[in-house]
Structure formats: structure tokens, C-alpha cells
There are 2 protein chains.
Amino acid sequence: MAFTRPEPPYYAVIISSKLDAGNLDGYAAMDKRMGELGREQPGYLGRESLTGADGRDLTVLYYRDAESISAWKQHPEHLEAQRLGRDQWYADYHIEVARVERAYGFNRSNLT
Amino acid sequence: MAFTRPEPPYYAVIISSKLDAGNLDGYAAMDKRMGELGREQPGYLGRESLTGADGRDLTVLYYRDAESISAWKQHPEHLEAQRLGRDQWYADYHIEVARVERAYGFNRSNLT
């Protein structure tokens with residue numbers, strides 16, 4: 001809820017992931033760098049993210065359009081981070097690219 | 001990761017929500033009932049869900065198609081649950097209906 005969404009359509013990248021706790025050398029620094037670099041990319045809108053007690057992470061990244069997502073996926077630094085993620089850091093991940101067609105909400109503090 | 005997704009396209013309902021901690025009479029029973037009833041609906045595929053220490057919940061519900069989502073939204077028992085949620089239980093929520101266009105994943109335990 002920490003950012004203002006535009007009117008649909010826009011895009012969401014839904015990421016369910018779990019780190020491999022035994023092999024996290026370099027992960028924290030790369031995660032920080034990718035967070036900073038990712039926020040600077042054209043079309044990036046914001047994110048929702050939660051991590052459970054068991055290490056399962058559920059993150060939704062929001063983008064203006066599908067082209068912004070493809071461009072970020074091909075960014076050279078991000079490609080290297082993806083390679084290290086598969087080779088070392090992640091036990092598993094599942095990523096979905098989705099087009100948001102409708103959105104609505106409610107906030108009690110906005111009621112009069 | 002607890003269910004097998006079909007090949008895209010399929011649908012995701014992304015729900016970011018926070019309960020109003022001061023006003024949860026009847027919520028637990030209704031949440032349980034809606035979970036059970038929701039799983040029985042035509043087109044329901046599965047869910048990913050996490051709740052943070054601050055009470056923020058991030059849930060993604062998956063469906064075969066948009067019609068399944070609309071039908072569940074209009075289910076009489078679910079309509080009553082939605083009304084009580086707005087009147088009593090939720091501090092805020094934000095709901096997005098999105099069409100999953102692409103999906104891919106990685107699981108270290110599947111590597112040889």
C-alpha cells in the first residue's frame with residue numbers, strides 16, 4: 001500500500017521464492033544493489049513484499065508495461081544476479097508476469 | 001509452491017490487506033468458512049499467502065479464468081463476508097485481478 005497505483009492496465013511480477021540458507025555468501029549485498037537499481041528502472045511503480053518465518057518470500061513488483069519488465073530482466077547487472085541466484089542462493093523460485101486488468105480497494109481511515 | 005499451476009494464461013487475484021485489530025468479532029469463523037468455500041469454487045487453482053509481523057497480509061489466489069473470479073465475488077455467502085469485512089474487520093485492503101501471461105521457475109531439488 002506504500003505507493004499509488006495508476007489506473008489499470010499495468011503489470012505485476014509475482015515472485016514466490018525461498019533462499020538456500022546454507023549458501024548465502026554475497027546475497028545481502030546483491031539484494032541491496034538489485035533493490036536500488038530496480039527502483040531506478042523505467043516503468044517501475046512499486047512493490048509489496050512479505051517474508052514468512054520459514055523463509056518463504058512473496059513479492060509483487062509493479063510496472064507500467066511488459067516492456068519495462070523485459071528490459072529489466074535483460075539488464076547486465078541483473079542477469080549476473082539471476083545467474084548467481086540459480087547457481088547459489090535460491091532453493092526455489094516461481095515467477096509470474098501478469099497484466100492487471102482491474103483494481104479496487106478500501107481504507108477505513110478514508111471513510112467520513 | 002504448494003500447487004501445480006497450469007500453463008498460462010490463467011488468472012491471479014492479488015490481495016494486500018490489514019485487519020482492524022480492535023474489531024475482529026466473528027472474523028476467524030468467517031475466514032475459515034470462506035477458505036473452505038473458496039477452495040470448492042469452479043476454476044479455483046490454489047493460493048500463496050503470507051502475513052507479516054505488523055499484520056499486513058499478502059495473498060495471491062489463482063483461478064482458471066476471469067469468469068471464475070466474478071462468480072465467486074458474487075456468491076451470496078461471500079457477498080455477506082465482503083460486507084462484514086468493509087463494515088467491521090478490515091483497516092484496509094487493495095485487490096487486483098490480473099491475467100498471468102508468462103510463468104517460469106526453478107527448484108534446486110529438481111536439478112541432477
Side-chain angles (χ1 to χ4, degrees), chain A residues 1-5 8-20 22-23 46-62 66 69-70 73 82-83 85-111, chain B residues 1-5 8-20 22-23 46-62 66 69-70 73 82-83 85-111:
Chain A
M1 307 292 292
F3 66 99
T4 302
R5 273 94 159 167
Y10 53 92
Y11 272 75
V13 180
I14 304 164
I15 307 171
S16 172
S17 66
K18 191 167 183 178
L19 293 169
D20 184 345
N23 197 1
R47 68 158 66 198
E48 301 262 1
S49 188
L50 280 176
T51 303
D54 66 347
R56 169 70 48 199
D57 182 275
L58 183 58
T59 291
V60 186
L61 302 168
Y62 292 95
I69 296 168
S70 298
K73 194 182 179 196
Q82 292 169 60
R83 187 186 67 75
R86 283 188 302 271
D87 287 356
Q88 296 183 32
W89 298 322
Y90 283 99
D92 67 69
Y93 59 72
H94 191 269
I95 299 177
E96 292 157 318
V97 178
R99 181 179 186 269
V100 177
E101 299 180 342
R102 291 187 290 124
Y104 53 99
F106 163 83
N107 193 321
R108 190 170 306 283
S109 63
N110 292 344
L111 299 181
Chain B
M1 308 292 292
F3 67 98
T4 302
R5 274 94 160 168
Y10 52 93
Y11 273 75
V13 180
I14 305 164
I15 307 171
S16 173
S17 65
K18 191 167 182 178
L19 292 169
D20 184 344
N23 196 1
R47 67 160 63 198
E48 299 262 2
S49 188
L50 280 176
T51 304
D54 67 347
R56 169 70 48 199
D57 182 274
L58 184 56
T59 292
V60 186
L61 301 169
Y62 293 95
I69 296 168
S70 299
K73 194 183 179 195
Q82 292 170 60
R83 187 186 67 75
R86 283 189 302 271
D87 287 356
Q88 297 183 32
W89 298 323
Y90 282 100
D92 66 70
Y93 58 73
H94 192 268
I95 298 176
E96 291 156 319
V97 177
R99 181 179 186 271
V100 177
E101 297 180 343
R102 290 187 289 124
Y104 53 99
F106 164 84
N107 192 322
R108 189 170 307 281
S109 62
N110 292 344
L111 299 180

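Within every chain, numbering begins at 1; the chains are lettered A, B, ... in the order of the sequence lines, protein sequences first and strands thereafter.
- Taken from OG in A/S70 to CZ in B/R102, the straight-line distance is 5.0 Å, to the nearest 0.5 Å.
- Taking the side-chain hydrogen bond (donor to acceptor under 3.5 Å, both in side chains) definition, one finds that B/Y62 meets it with A/E96, B/R5, sequence neighbours left out.
- Because its NZ or CZ atom is not both nearer than 6.0 Å to the ring centre of A/F106 and within 45° of the ring axis, B/K18 does not count as a cation-pi partner of that residue.
- Of the atoms belonging to B/A12, it is side-chain heavy atoms, and not backbone ones, that fall under 4.5 Å from chain A.
- Between B/R108 and A/D20, at least one side-chain N (NZ, or NE/NH1/NH2) sits under 4.0 Å from a carboxylate O, which counts as a salt bridge.
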Could you go step by step and tell me if A/V97 and B/V100 meet the side chain to side chain contact (heavy atoms under 4.5 Å, CB included) rule? CA-CA 6 Å; A/V97 178; B/V100 177; over 6 Å; no

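- With a threshold of 4.5 angstrom between heavy atoms, B/N23 does not approach chain A through any atom at all.
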What verdict does the side chain to side chain contact (heavy atoms under 4.5 Å, CB included) test give for A/Y11 and B/E101, after you've listed the backbone C-alpha separation in whole Å, the side-chain angles of each residue and the deciding distance to 0.1 Å? CA-CA 10 Å; A/Y11 272 75; B/E101 297 180 343; 3.1 Å; yes

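- Expressed to the nearest 0.5 Å, how far OG of B/S16 lies from CG of A/L50 amounts to 7.5 Å.
- In this structure, chain A has a heavy atom under 4.5 Å from the side chain of B/I14, while its backbone stays farther away.
- Distance CG/B/D57 to CD/A/E48: 10.5 Å, rounded to 0.5 Å.
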